[in-house]
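Model, not experiment: these values are computed from the prediction.
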Amino acid sequence: MSDATTTASAADPTAKRSVRDLVRAAISGWLGTALEFMDYQLYSLAAALVFADLFFSSENPAVAVVAAMATYGVGYVARPVGAFFFARLGDKTGRTKVLFYTILLMGLATTLIGFLPTYSQVGILAPILLVLLRIAQGFGAGAEISGAGVMLAEYAPAKRRGIIASLVALGTNCGTLLASGIWAILLVAFSEDEVIDWAWRIPFIASAVIMLFAIWVRFNLKETPVFEERDDVVDGKALTRAEALQLATETGDVRTLEAMQRKPWKAFSIALLLRFGQAGNSGMIQTYLISYITVVLLLDRSIGVNAVIVSSLVAFITVPLSGWLGDRFGRKRMYMVWAIVALIVIVPTMLMISSGDTAQVFIGYVLLHNLAVMSFASLENLTLPEIFGARNRYTYTAMAREIAAIVATGAGPVIAAAWVSAVTGSFIPIIIMLMFFTLCALVASIWMPEVAGRDLTDPRDAI
């Protein structure tokens with residue numbers, strides 16, 4: 001292990017924060033991620049169920065559906081732009097300030113969707129306003145989950161970073177389950193006409209409750225001790241590159257001088273590959289596989305949906321367990337273990353799913369989702385921040401996450417759908433793609449150094 005990956009010294013900056021501060025930071029990270037995924041799930045369900053009727057011309061229903069789905073995609077396009085803008089700001093002025101802005105922007109955009117006029121009321125202005133709010137939603141969300149991971153990594157004691165940072169991954173489950181539950185209740189409690197007329201607004205407006213609570217938690221949240229302990233942070237603001245270089249030269253700060261000379265491509269490539277593995281598997285399993293179960297296997301639509309719910313509940317065990325194992329045995333070793341296990345189970349779980357037997361579909365999906373997606377998600381929220389040096393940690397973490405998400409999560413399901421269709425419903429293309437994404441994570445885990453317990457005030461990348 002190089003000196004760039006030495007463990008934190010006894011003078012751990014996190015000791016300067018109380019248990020109450022750590023709990024507040026953990027709740028803040030969990031709430032922000034939960035709100036992000038709740039916002040997106042609320043919108044995705046609304047886009048699939050009612051937005052085509054509400055915000056687009058009824059003259060061509062098929063075009064209206066496509067347009068509704070396109071507005072969903074707009075939010076994802078805005079994410080890397082928001083990630084770059086807010087993450088750079090977070091590296092300069094602090095993590096907690098930026099996370100206050102991101103949750104406010106996300107929450108307000110989601111709540112305001114519930115107050116939008118419909119196409120029948122204002123015509124073309126309705127979809128324009130909807131697209132603008134989706135852009136705002138994605139702009140804020142692009143830096144939220146990365147910032148939450150960075151904040152918790154920089155708040156938590158070195159030996160407990162894994163299990164504490166895993167709360168970010170749990171937030172994804174909480175948000176998805178909550179949004180799905182709200183829509184399920186809505187569809188049972190109201191008639192179809194009532195839902196289209198006014199009840200669709202309820203979940204969006206009600207999301208303001210979570211937003212206000214999250215804002216309250218973050219309002220007085222102290223800055224991460226690691227950010228405050230950085231040598232290049234003066235009076236709560238990071239020095240420019242030139243100023244930091246001058247200070248390091250004057251003080252003989254070898255770490256900063258070395259960090260200025262290093263190129264970030266190795267560390268960024270490892271982070272990108274790790275994220276590519278998780279995001280690619282996520283897109284294949286959580287998006288395309290549900291369509292495969294319904295469209296190709298011709299099973300009842302509820303089977304895929306219920307499998308997702310059950311698997312998300314199981315993940316409440318998988319995620320903290322993976323985080324704890326990362327603390328116990330190291331990030332590198334656990335990434336390698338999970339990747340190898342995932343490679344082993346891909347074929348048998350896909351055979352179970354493709355059998356069409358309901359019980360086997362459930363078991364196969366739960367195993368595949370938890371071993372190939374959620375185990376990686378838990379480690380990822382901590383490992384990515386640990387790979388990068390203190391000065392650009394937020395920026396590089398956010399960009400690696402969002403670039404990989406757009407490429408892998410966006411393209412994966414489309415390629416899979418076309419490939420499966422070309423080979424008349426065979427699940428072989430799914431297996432090949434899942435193995436490819438998993439191998440990306442395995443290669444990165446072999447390449448990367450061990451980063452567990454790394455001194456996060458170090459301005460140098462781990463490699």
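- Contacts classified as salt bridge (charged side-chain N to carboxylate O under 4.0 Å, His left out) and involving residues 233-250 (residues at least two apart or in different chains) are not found.
- Here Ser445 pairs with nothing under the side-chain hydrogen bond (donor to acceptor under 3.5 Å, both in side chains) rule; sequence neighbours left out.
- Leu247 is not listed as a side-chain neighbour of Asp253, based on a closest heavy-atom distance of 4.5 Å or more.
- Residues Phe55 and Trp200 bring their aromatic ring centres within 6.0 Å.
- Around the CZ atom of Arg333, the shell of radius 6.0 Å holds no more than 12 heavy atoms that belong to other residues, nucleotides or ligands.
- Partners of Thr172 according to the side-chain hydrogen bond (donor to acceptor under 3.5 Å, both in side chains) rule, which considers only residues two or more places apart in sequence or in another chain, do not exist here.
- For the 3.5 Å distance criterion, the side chains of Glu229 and Thr457 fail to qualify, holding no donor opposite an acceptor.
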Extract all donor-acceptor atom pairs below 3.5 Å that involve side chains of residues 314-322 and protein atoms in other chains or at least two apart in sequence.
from	atom 1	to	atom 2	distance (Å)
Thr318	OG1	Asn370	OD1	2.7
Ser322	OG	Trp338	NE1	3.1
Ser322	OG	Ser375	O	3.0

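- Under a 4.0 Å N-O distance rule, the pair Glu386/Arg161 qualifies as a salt bridge.
- Between Asp461 and Ile387, every side-chain heavy-atom pair lies at or beyond the 4.5 Å cut-off.
- Atoms CZ and CD1, on Arg401 and Ile403 in that order, are 12.5 Å from each other to the nearest 0.5 Å.
- Take Phe85 and apply the ring pair (Phe, Tyr, Trp, His ring centres under 6.0 Å) test, not counting sequence neighbours, and it matches Phe139.
- Put simply, CE on Met284 and OH on Tyr292 are 10.5 Å apart, with the number rounded to the nearest 0.5 Å.
- Residue pairs meeting the ring-ring contact (aromatic ring centres under 6.0 Å, His included) criterion with at least one partner in residues 231-262, sequence neighbours excluded, are absent.
- For the atom pair CG of Asn173 and CG of Leu313, the computed distance is 8.0 Å after rounding to the nearest 0.5 Å.
- Note that NE2 of His369 is 10.0 Å distant from CG of Asn281, once rounded to the nearest 0.5 Å.
- With hydrogens and angles ignored, the 3.5 Å screen pairs a side-chain donor or acceptor of Arg393 with a backbone N or O of Leu456.
- Every residue two or more places apart in sequence or in another chain that forms a side-chain hydrogen bond (donor to acceptor under 3.5 Å, both in side chains) with Arg218 is listed here: Ser28, Glu144.
- Residues in residues 373-392 take part in these ring-ring contact (aromatic ring centres under 6.0 Å, His included) pairs, two or more places apart or across chains: Tyr335-Phe376, Phe388-Tyr396.
- Residues passing the salt bridge (Lys or Arg N to Asp or Glu O under 4.0 Å) test with Asp232, sequence neighbours excluded: Arg230, Arg391.
- You'll find the side chain of Val77 stays beyond 4.5 Å of the side chain of Ile135, heavy atoms only.
- Within a 6.0 Å radius of CZ in Arg88, other residues, nucleotides and ligands contribute 12 heavy atoms or fewer.
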Test ring pair (Phe, Tyr, Trp, His ring centres under 6.0 Å) applied to Tyr43 and Phe51, step by step: CA-CA 9 Å; Tyr43 189 92; Phe51 276 4; 5.1 Å; yes
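- Other residues, nucleotides and ligands contribute only 12 or fewer heavy atoms inside 6.0 Å of the NZ atom of Lys266.
- Evaluation of the side-chain hydrogen bond (donor to acceptor under 3.5 Å, both in side chains) rule for Glu36 yields Arg79 as partners, not counting sequence neighbours.
- Looking at residues two or more places apart in sequence or on another chain, you find a salt bridge (Lys or Arg N to Asp or Glu O under 4.0 Å) between Arg275 and Glu380.
- For Phe437, the ring pair (Phe, Tyr, Trp, His ring centres under 6.0 Å) partners are Phe276, not counting sequence neighbours.
- No side-chain heavy atom of Lys159 sits under 4.5 Å from any side-chain heavy atom of Asp327.
- Under the 4.5 Å side-chain criterion, counting only non-hydrogen atoms from C-beta, Met433 is in contact with Ile415.
- Residues Asp455 and Arg255 meet the side-chain proximity criterion, which asks for heavy atoms closer than 4.5 Å.
- Contact check on Arg460 versus Glu258 returns a salt bridge, with a Lys/Arg side-chain nitrogen under 4.0 Å from an Asp/Glu carboxylate oxygen.
- No side-chain heavy atom of Phe204 sits less than 4.5 Å from a side-chain heavy atom of Thr111.
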